[in-house]
Amino acid sequence: MASHPLIEKFQQAGQGQVFAFFDELAPEAQRHLLLEAAEIDLAEVARLTASLLAPGDAAGANLAGLAPAPYEPLPAQGGDAAAWMKAKAAGEAALRAGRVAAFTVAGGQGTRLGYDGPKGTFPVTPLKRKTLFQVFAEKIQAAGIRYGRPLHWFIMTSHQNHAATVTFFEEHRYFGLDQGRVHFFRQGRMPAVDFSGRILLETKGTIALSPDGHGGSLRALERSGALDLMQREGIDTLSYFQVDNPLVRCVDPAFIGWHVLRGSQMSSKMVPKAYPEEKLGHFCTQDGRLVVVEYSDLPMAMQRETTPEGQLRYLAGSIAIHMLDREFIRRVARGGAGIELPFHRADKKIPTVDAAGQPVKPEKANGVKFEMFVFDALPFAQNPLVIETSRADDFSPVKNAEGVDSPLTCRDDQLRQFTRWLRGQGARVEADASGRPAAGLEVSPLFGYDEDSFAEAWKKHSPPPVVSDGLYLS
Ligand code: UTP
């Protein structure tokens, strides 16, 4: 076999199989494989293999001393209305001062949805079929206008979808946003390994590499220079949300205000779990720190526990909406001093090649991917905070092609939201018992992107718009 220092390094680490077909490859393909291999931190792979793949390593999460985390309830749920008002005012001041940027993690593979293309390019709105990216772009633009400070928007992509994402924005002229304020960067990749820790090839000349999880966003923000850019622009707070959730308030003044007033380094929104089996992570405390315990890690008996009042004890579900302090991100990204985001193992079907180099499409899991989760940064944050939100205002993700969290459920939740806003202004809208209107409706974020901005726009509209099938408020 050809000799190369990198190939020797892989051989010494017991990963020589990565170059098993090297000699058969054309020079260009050889160069490409060497570049992919250079991305891999062999010591990290060895550490993860030892810690996550050791036989009998199914012990599960450490549950010692776990308790439900406290959170700030909404005023409608018994929370302190004056404190919420104060938080909102503080958040609005931060937005007017240009201290906040929006951040979308869009590097996932979206396998469950099965859509061919970056998930952000998936059409979601009921009438106009706007894409997820367009919905966020318009919300961000409208908030910038409302607070007199155009927002910066950071978008994390993956190697797989980066070019297609940027092209999509270019084709749509950044949906009216100033191009200089939209910043794309790629997240890191990790190699998949078989159950004995050997790095898998995807083809004879490519390694099975996949995105390193949404937790990789913290490293990627630092590596890409995004944090330095924020610093130069006087931005100290990042509003984090996922690409699949068009209901999200991209910048929510009350949430920003709670975060800022508490001096929190990382804050999160929770919704009360709808039923014990609901697949949400749980906000908990452990050893005096805030943690999220995944649904798969919390025994079902605990998920079903109730308080004397009959409420779920582990009630606070995580919906992946966070507020992060810039320098906190830097600290976690750099690691050291006891701070390190752990990797998690996910057993997957990983297309690969056999010993003869023939493609293999496995029918069951044949290996492991390693991913970091952003909520694992919470235990390292000072003054972390959880606040309640209502699902109807913040959460209806598109995860699956059908059934729960699908394009259909998301469309209906958008329709219900528009109906609530309209009814809140006294408009008559016919709807079923769930609040879903009989008519097709849509409110452009440029008209109103939350209850307050909608109310302001409505009041300016004279005479008030008539609600009929196909109404589009823009
Ligand atoms: P999901 O957990 O829904 O994963 O990501 P996914 O890869 O998008 O979808 P499936 O599981 O293959 O169906 C939640 C959010 O985190 C982002 C996704 O883009 C989505 O916004 N994410 C996930 C990343 O940015 N990078 C990752 O490596 C993983």
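As the structure lists them, so they are numbered: ligands from 1, and atoms in each ligand from 1. We use all heavy atoms of the structure for the numbers below, so side chains are in, but hydrogens, waters and symmetry mates are not.
Given atom 7 (O) of ligand 1, the protein heavy atom at minimum distance is Q109 N, 2.8 Å. Closest to atom 6 (P) of ligand 1, if we only count protein heavy atoms, is G110 N, 3.5 Å. Here the heavy atom of the protein found nearest to atom 25 (O) of ligand 1 is G107 N, 2.8 Å. The protein atom (non-hydrogen) at minimum distance from atom 21 (O) of ligand 1 is V105 O, 2.7 Å. Q242 OE1, 3.3 Å is the protein heavy atom nearest to atom 14 (C) of ligand 1. Annotation: atom 2 (O) of ligand 1 to nearest protein heavy atom, R112 NH2, 3.9 Å. The protein non-hydrogen atom at the shortest distance from atom 16 (O) of ligand 1 is H214 CD2, 3.5 Å. Among all protein heavy atoms, the one lying closest to atom 19 (O) of ligand 1 is G108 N, 2.9 Å.
At least one N/O-N/O distance between T111 and ligand 1 falls below 3.5 Å. Considering backbone and side-chain atoms alike, Q187 places an N or O below 3.5 Å from some N or O of ligand 1. Distances between N or O atoms of L113 and those of ligand 1 include no value under 3.5 Å.
Exactly one residue among R416, R420, K269 makes a salt bridge (Lys or Arg N to Asp or Glu O under 4.0 Å) with D393. That residue is R420.
Ring centroids of W153 and Y174 are separated by 6.0 Å or more, keeping the two rings apart.
Side-chain contact annotation: K128 with Q134, donor-acceptor N/O pair under 3.5 Å absent. E233 and H152 form a side-chain donor-acceptor contact under 3.5 Å, judged by distance and modelled atom types alone. With no hydrogens or angles considered, a side-chain donor-acceptor pair links Q17 and Q15 at under 3.5 Å.
Remark: ligand 1 atoms within the under-4.0 Å shell around heavy atoms of K399 are 1 (P), 3 (O), 14 (C). The ligand atoms of ligand 1 that sit less than 4.0 angstrom from a heavy atom of M156 are 25 (O). The ligand atoms of ligand 1 that sit less than 4.0 angstrom from a heavy atom of P211 are 28 (O).
Between F154 and S224, every side-chain heavy-atom pair lies at or beyond the 4.5 Å cut-off. The shortest distance between side-chain heavy atoms of E278 and Y275 falls below 4.5 Å. Using a 4.5 Å heavy-atom cutoff, the side chains of Y115 and V398 are not in contact.
Environment of NE2 in H159: crowded, with over 12 heavy atoms of neighbouring residues, nucleotides or ligands closer than 6.0 Å.
Put simply, the side chain of R345 gets close to the backbone of L52: a donor and an acceptor are under 3.5 Å apart.
Using a 4.0 Å cutoff on heavy atoms, A106 counts as a contact of ligand 1.
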